[in-house]
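Just so it is clear: chains get the letters A, B, ... in the order the sequence lines come, proteins before strands, and each one is counted from 1.
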Protein chains: 2
Amino acid sequence: MIQVCLVDDHVLLRDALAETIESFDECKVTGVAAHGKELQQIVERGVIPNLVLLDLNMPEMDGYDTAEWLFTHHPEVRVLILTMYDSEVALIRLLQYGVRGFLRKDIHPFELRAAISAVMKDGYYYSHRTTGKLATLFQKSYQENLPVERVMLSDMDIQFLRLVSTDLTYKEIAGKLNISVRSVDGYRDSLFDRLEVKSRVGLAIFALKNGLISA
Amino acid sequence: MIQVCLVDDHVLLRDALAETIESFDECKVTGVAAHGKELQQIVERGVIPNLVLLDLNMPEMDGYDTAEWLFTHHPEVRVLILTMYDSEVALIRLLQYGVRGFLRKDIHPFELRAAISAVMKDGYYYSHRTTGKLATLFQKSYQENLPVERVMLSDMDIQFLRLVSTDLTYKEIAGKLNISVRSVDGYRDSLFDRLEVKSRVGLAIFALKNGLISA
DNA sequence: GCCTTAGACGGGGTAAACCCTCAATAAATT
DNA sequence: AATTTATTGAGGGTTTACCCCGTCTAAGGC
């Protein structure tokens, strides 16, 4: 019997999903949480699931931090991401934390069941869409003769993108990060290049679409 | 028996929701659709529901257009908005189309049932949050001695916001709208004032958060 | 040791964004 | 007919954003 925990702040979807998963003979929902902190409490109480279905955008403690925590403290727990919009950024960041698969919320229930089965049987579940995105990413890093680390975003990049998606000027951003305006220029231009946008608005839109800021 | 149609492109939530609603004794789900076009087909086939639970961000035909279509062609059908994020813009636009209530997707199932009951019994359901937003809006229009139309966004504003949330320069935007760059300045400054932001990025963020562009 | 690479910073420049003031037109109000 | 109001847009200005050119330093590969 697969013991599943659901982590999503959208109660309506989460509870309905719990019923759907309970209807699968091979599964049992042993816990539901609105965000990472709640999951932590459940796990630390000794209820350790086999599989965690994890949303990304949540209050308190988001999916990234939750995946990282599970990876370092309970690596035996398999994590399946269930999110609104997928993105290369999410993909790369989460692969580092050993997540076993990615699902968009617009899938059909039978794909959910297939994904759960695959994760428990084969250890992972990557849809065509996911592998496609990964392939594009590695292809890009190969064509431009750059390591994958260059294509993906660092913590600094993400911190920077969060500030860019704000009414602050670059001068103010430089102040917040304790670096010079020229360094800000450098990060910006680097991101222009890698994210293939031409303006600050493009960066902000990218940050929004990739869930880097709470929409 | 209340006949309900569900319109949402997220199959997982929509189908789970259908089961939840079917479990309410007073309700029956007579149709599900992924977007407005599908709902149109259902209705034009003669299956006219009492209540439509409507998402806003959808492909093909979004919630706004769907609400407008229902309002003009089938005003007897009551519309209850079920969306990810609520916003003043959505509120004002949709009130024009006679929608009966607003629900965020992070509510509890019992609030959904209460809302459905209220809409069918009293004709509407406005949560404290909704009425709060409305109050703020009217208060603002009163304080600034402006008609509500001044506080809400025109079609031009929305069209403009969509273009602002793009890599295009204002010169290019002016070209697209067949107006001069100075007029663009005017629209921009007017929106700065009304939306209380200081930069183009602020406008883009606003547009995203209010679902004016597909995220 | 040397070489590359990445990060932080500067000079100096152009284009874009921002922000005033004012004015002509047309539609709506009175 | 007169007044307001909205729309559009011009002149002219400052600030910010964008994008080259560099240098220096620290970290890591061989």
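- Regarding contacts with the backbone of D:dC18, a side-chain N or O of A:Tyr170 is found under 4.0 angstrom from either OP1 or OP2.
- If you check D:dC18, C:dG11, C:dC19 against the side chain of A:Arg182, the one that comes closest is C:dG11.
- The nearest whole Å value for the distance from the CD atom in A:Gln159 to the P atom in C:dG7 is 14 Å.
- Atom CE in A:Met156 sits about 9 Å away from atom P in C:dC9, given to the nearest Å.
- Neither OP1 nor OP2 of D:dC18 sits under 4.0 Å from any side-chain N or O of A:Lys198.
- Between the CG atom of B:Leu163 and the P atom of C:dA17 there is a distance of 13 Å, rounded to whole Å.
- In this structure, the CG atom of B:Leu203 is 11 Å from the P atom of C:dC19, given to the nearest Å.
- B:Asp9 and B:Arg14 are not joined by a salt bridge, as no carboxylate oxygen comes within less than 4.0 angstrom of a charged side-chain nitrogen.
- For the pair A:Asp189 CG and D:dC19 P, the computed distance is 6 Å after rounding to whole Å.
- What separates CG of B:Asp167 from P of D:dC18 is a distance of 9 Å, to the nearest Å.
- Rounded to whole Å, the distance from CD1 on A:Ile173 to C1' on D:dT15 is 15 Å.
- In this model, a donor atom of one side chain and an acceptor atom of the other lie less than 3.5 Å apart for A:Arg194 and A:Ser190.
- C:dT14 atom P lies 17 Å from atom CG of A:Asp185, rounded to whole Å.
- Ranking D:dG9, D:dA17, C:dG11 by closeness to the B:Ser183 side chain, first place goes to D:dG9.
- Remark: the B:Arg113 side chain and the B:Ser117 side chain contain no N/O donor-acceptor pair separated by less than 3.5 Å.
- Put simply, A:Arg200 has a side-chain N or O that comes within less than 4.0 Å of OP1 or OP2 on D:dA17.
- Remark: B:His74 NE2 to B:Leu39 CG distance equals 9.0 Å, nearest 0.5 Å.
- Considering only the side chain of B:Ser180, D:dA10 comes nearest among D:dC18, D:dA10, C:dA16.
- Between B:Asp193 and B:Lys198 there is no salt bridge, since no side-chain nitrogen of the basic residue lies less than 4.0 Å from a carboxylate oxygen of the acidic one.
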